[in-house]
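Just so you know, ligand 1 is whichever comes first in the structure, and atom 1 is the first atom listed for that ligand. Side chains included, hydrogens not; waters and symmetry mates left out as well; all remaining heavy atoms used.
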Amino acid sequence: MTLEIKDITGGYSAVPVLNNVSFSVKKGELTGLIGLNGAGKSTTIKHIIGLMQPFSGTISINGQMIKQNPKAYRQAFAFVPETPVLYEELTLKEHIELTALAYGLEKEEAMKRALRYVKAFRLEEKLEWFPAYFSKGMKQKVMLVCAFMVDVPLYVIDEPFLGLDPLGIHTFREIVSEKKKQGAAILMSTHVLSAAEKDCDNFVVLHNGQISHSGTLANMQEALAMPGASLDDLYFRLTEEVITL
Ligand SMILES: Nc1ncnc2c1ncn2[C@@H]1O[C@H](COP(=O)(O)OP(=O)(O)OP(=O)(O)O)[C@@H](O)[C@H]1O
């Protein structure tokens, strides 16, 4: 098990947003984290990446908790936020160098690795560009390059499908498939259920801060006695929120 979340309860004030959330993400698997607006996906991710500490429960990556060795824990994952966070005064090349520094990678080797992804996302002419010149999708690609250039056990990716163009999504899928083959675990939060159904090996459905289901599509179909149902239909049943006009 690469990422193991055991019974976490947590939130922003004394009132918890997450209640007894448990799930795991296995080596070589892509797990989709899905749920309605406000269900608790970002809050869960903030706990995983160490921005928030749970009131109770534990989170570990490859058996290690953040408090045991914060630096090792932080270097065990790469995170891509939904909204790109880039340094205005640094070029794409300098973002790659900064990532290498943060993960303790040798600069030339790191650049070689990053260039594969830079080319795959068609950014090779833009290595000297500053973020101000990038479109929203290009900024997202820069974030993805900086995440995928490091070999880590866990990738946490928040909503990759809304900013990328179709070629970018194709490239993203190819990289994810390669990373899975190399044994990485990937947690991806998304609202794009058609893409999630196609790509994810299993799903964690959050509803009102609790897990309403986790497992494969087949597990969900069986549990809900909806053989052959799409992820959309299963999701609406699990969240019980189909609004008709
Ligand atoms: N900084 C914050 N302070 C207080 N409450 C917050 C904060 N951020 C989120 N919340 C609350 O926590 C709950 C879960 O929000 P969260 O952002 O985790 O949802 P989400 O599933 O990521 O939603 P979305 O799909 O809209 O991104 C919501 O009730 C939200 O209002």
Starting from [atom], which protein heavy atom do you reach first, and at what distance in Å?
atom                    : answer
atom 2 (C) of ligand 1  : Tyr12 CD2, 3.3 Å
atom 21 (O) of ligand 1 : Lys41 NZ, 2.7 Å
atom 26 (O) of ligand 1 : Asn37 ND2, 3.0 Å

At less than 4.0 angstrom from any non-hydrogen atom of [X], what atoms of ligand 1 do you find?
X      : answer
Thr43  : 14 (C), 15 (O), 16 (P), 18 (O)
Val17  : 12 (O), 13 (C), 14 (C)
His191 : 25 (O)

Got a donor-acceptor contact below 3.5 angstrom from the [X] side chain to the [Y] backbone?
X      : Y      : value
Ser60  : Met65  : no
Lys41  : Gly35  : yes
Gln140 : Pro160 : yes

Notebook entry, point to check: Is ligand 1 less than 4.0 angstrom away from at least one heavy atom of Glu159?
Noted result: no
Notebook entry, point to check: Applying a strict 4.0 Å limit to heavy atoms, is Leu36 in contact with ligand 1?
Noted result: yes
Margin query: Hydrogens and angles aside, do Gln64 and Asn69 bring a side-chain donor and acceptor to less than 3.5 Å of each other?
Written below: no
Note to self: With a 4.0 Å cut-off on N to O distance, would you call Asp151 and Arg113 a salt bridge?
What the structure shows: yes
Check: Of the listed options (Gly38, Ala39, Ser42), which comes nearest to atom 22 (O) of ligand 1 when hydrogens are ignored and any heavy atom counts?
Finding: Ser42
Check: Atom CD in Glu29, atom CD1 in Ile186: separation rounded to 0.5 Å?
Finding: 10.5 Å
Next item on the list: Output yes when a protein non-hydrogen atom is found under 4.0 Å of atom 9 (C) of ligand 1, and no otherwise.
Entry: yes
Notebook entry, point to check: Right, does atom 31 (O) of ligand 1 have protein non-hydrogen atoms nearer than 4.0 Å?
Noted result: no
